[in-house]
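What you see is a predicted model; the values in this text were computed from it and never measured.
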Amino acid sequence: MSRTLILIAFLFFSIYSFGQSKVLSVLPESSIRGVQVFGKPVDNQTRCIHWHSDLDIIAIKFKCCDKYYPCFSCHEEEADHDHQVWPKSEYDQKAILCGVCGTELSIQDYMSSNNTCPKCQSAFNPGCSKHYHLYFDEKKKEID
């Protein structure tokens, strides 16, 4: 009897563990309203193998190559050059792509969006702000 219980417990935990592991397949090509998203996207809302929660629905156009990637890691793994951050003087440039509706936002509009697409009202991941330094120049101007 105890052997049967051990076997049932093993099967239950094996199935439960397997059900929790999500296998993500990279799309061969991803685009939102005709805008190509490079890197390792797993769906057509800009989620990637690195960031794929319900809120991970933006792609960022990299200053260095003028290409949209879902995240910094996607760029680093695929680009053949070093990344560049957007200078504050160019925060008016459209460099954020909403993966739900395809709206391109300026960096300033994105930063002041309260983590919500102004067009379709989809929620963006508020945790992305922790990584702004990878994409945007955030240095405060020094006073002489």
Side-chain angles (χ1 to χ4, degrees), residues 5-144:
L5 287 176
I6 292 172
L7 181 59
I8 290 171
F10 174 75
L11 288 172
F12 173 77
F13 287 113
S14 296
I15 291 169
Y16 178 77
S17 296
F18 179 74
Q20 293 299 308
S21 62
K22 191 175 185 180
V23 177
L24 300 173
S25 298
V26 176
L27 295 179
E29 186 175 311
S30 177
S31 67
I32 290 93
R33 291 195 167 189
V35 177
Q36 187 170 0
V37 178
F38 295 86
K40 297 181 177 177
V42 297
D43 68 14
N44 281 315
Q45 289 192 331
T46 77
R47 291 176 192 90
C48 69
I49 63 168
H50 307 103
W51 301 97
H52 45 266
S53 78
D54 289 345
L55 300 176
D56 294 314
I57 56 166
I58 65 155
I60 300 163
K61 185 187 291 183
F62 277 73
K63 167 83 174 147
C64 47
C65 54
D66 206 37
K67 292 181 179 179
Y68 277 105
Y69 285 88
C71 75
F72 182 80
S73 296
C74 281
H75 180 272
E76 292 300 291
E77 291 172 5
E78 293 208 350
D80 60 357
H81 56 270
D82 291 335
H83 79 283
Q84 294 176 4
V85 296
W86 287 95
K88 287 186 178 186
S89 62
E90 295 183 37
Y91 277 17
D92 61 338
Q93 296 296 306
K94 292 190 177 192
I96 308 298
L97 178 67
C98 173
V100 174
C101 70
T103 296
E104 289 183 279
L105 305 170
S106 72
I107 297 164
Q108 188 58 53
D109 288 343
Y110 168 66
M111 289 181 160
S112 62
S113 71
N114 199 27
N115 300 305
T116 304
C117 177
K119 176 134 187 193
C120 71
Q121 305 305 305
S122 293
F124 299 148
N125 189 338
C128 290
S129 64
K130 295 176 185 174
H131 307 132
Y132 279 1
H133 67 281
L134 298 172
Y135 310 102
F136 316 118
D137 180 12
E138 293 191 300
K139 294 177 189 160
K140 299 197 184 317
K141 289 185 179 179
E142 294 181 24
I143 300 173
D144 294 326

*When you look at E104 and K61, which way does the side-chain contact (heavy atoms from CB on, under 4.5 Å) test go after all the steps?*
CA-CA 10 Å; E104 289 183 279; K61 185 187 291 183; 4.2 Å; yes
*Got a donor-acceptor contact below 3.5 angstrom from the N114 side chain to the T116 backbone?*
no
_As an exercise, state the distance from OH of Y68 to NZ of K94, rounded to the nearest 0.5 Å._
8.5 Å
Using a 4.5 Å cut-off on heavy atoms from C-beta on, say whether the side chain of [Y] contacts that of [X].
X	Y	value
K40	E78	yes
C117	V100	no
S106	Y91	no
I57	S122	yes
D56	C48	no

Anything under 3.5 Å between a donor and an acceptor, one on a side chain of residues 26-37, the other on a protein residue two or more places apart or in another chain? List them.
unit_1	atom_1	unit_2	atom_2	d
S30	OG	D43	O	3.4
S30	OG	N44	OD1	3.0
R33	NE	C101	O	3.0

*asked:* In this structure, is the centre-to-centre distance between the rings of F72 and H83 below 6.0 Å?
replied: yes
*Once the angle between the rings of H81 and H75 is folded into 0 to 90°, is it parallel (under 30°), tilted (30 to 60°) or perpendicular (over 60°)?*
perpendicular
*What class does the angle between the rings of F136 and Y110 fall in, given that below 30° is parallel, 30 to 60° is tilted and above 60° is perpendicular?*
tilted
*asked:* Just to verify, what does Y69 make a side chain to side chain donor-acceptor pair (under 3.5 Å) with, not counting sequence neighbours?
replied: none
*Is the number of heavy atoms from other residues, nucleotides or ligands under 6.0 Å of W86 CH2 greater than 12?*
yes
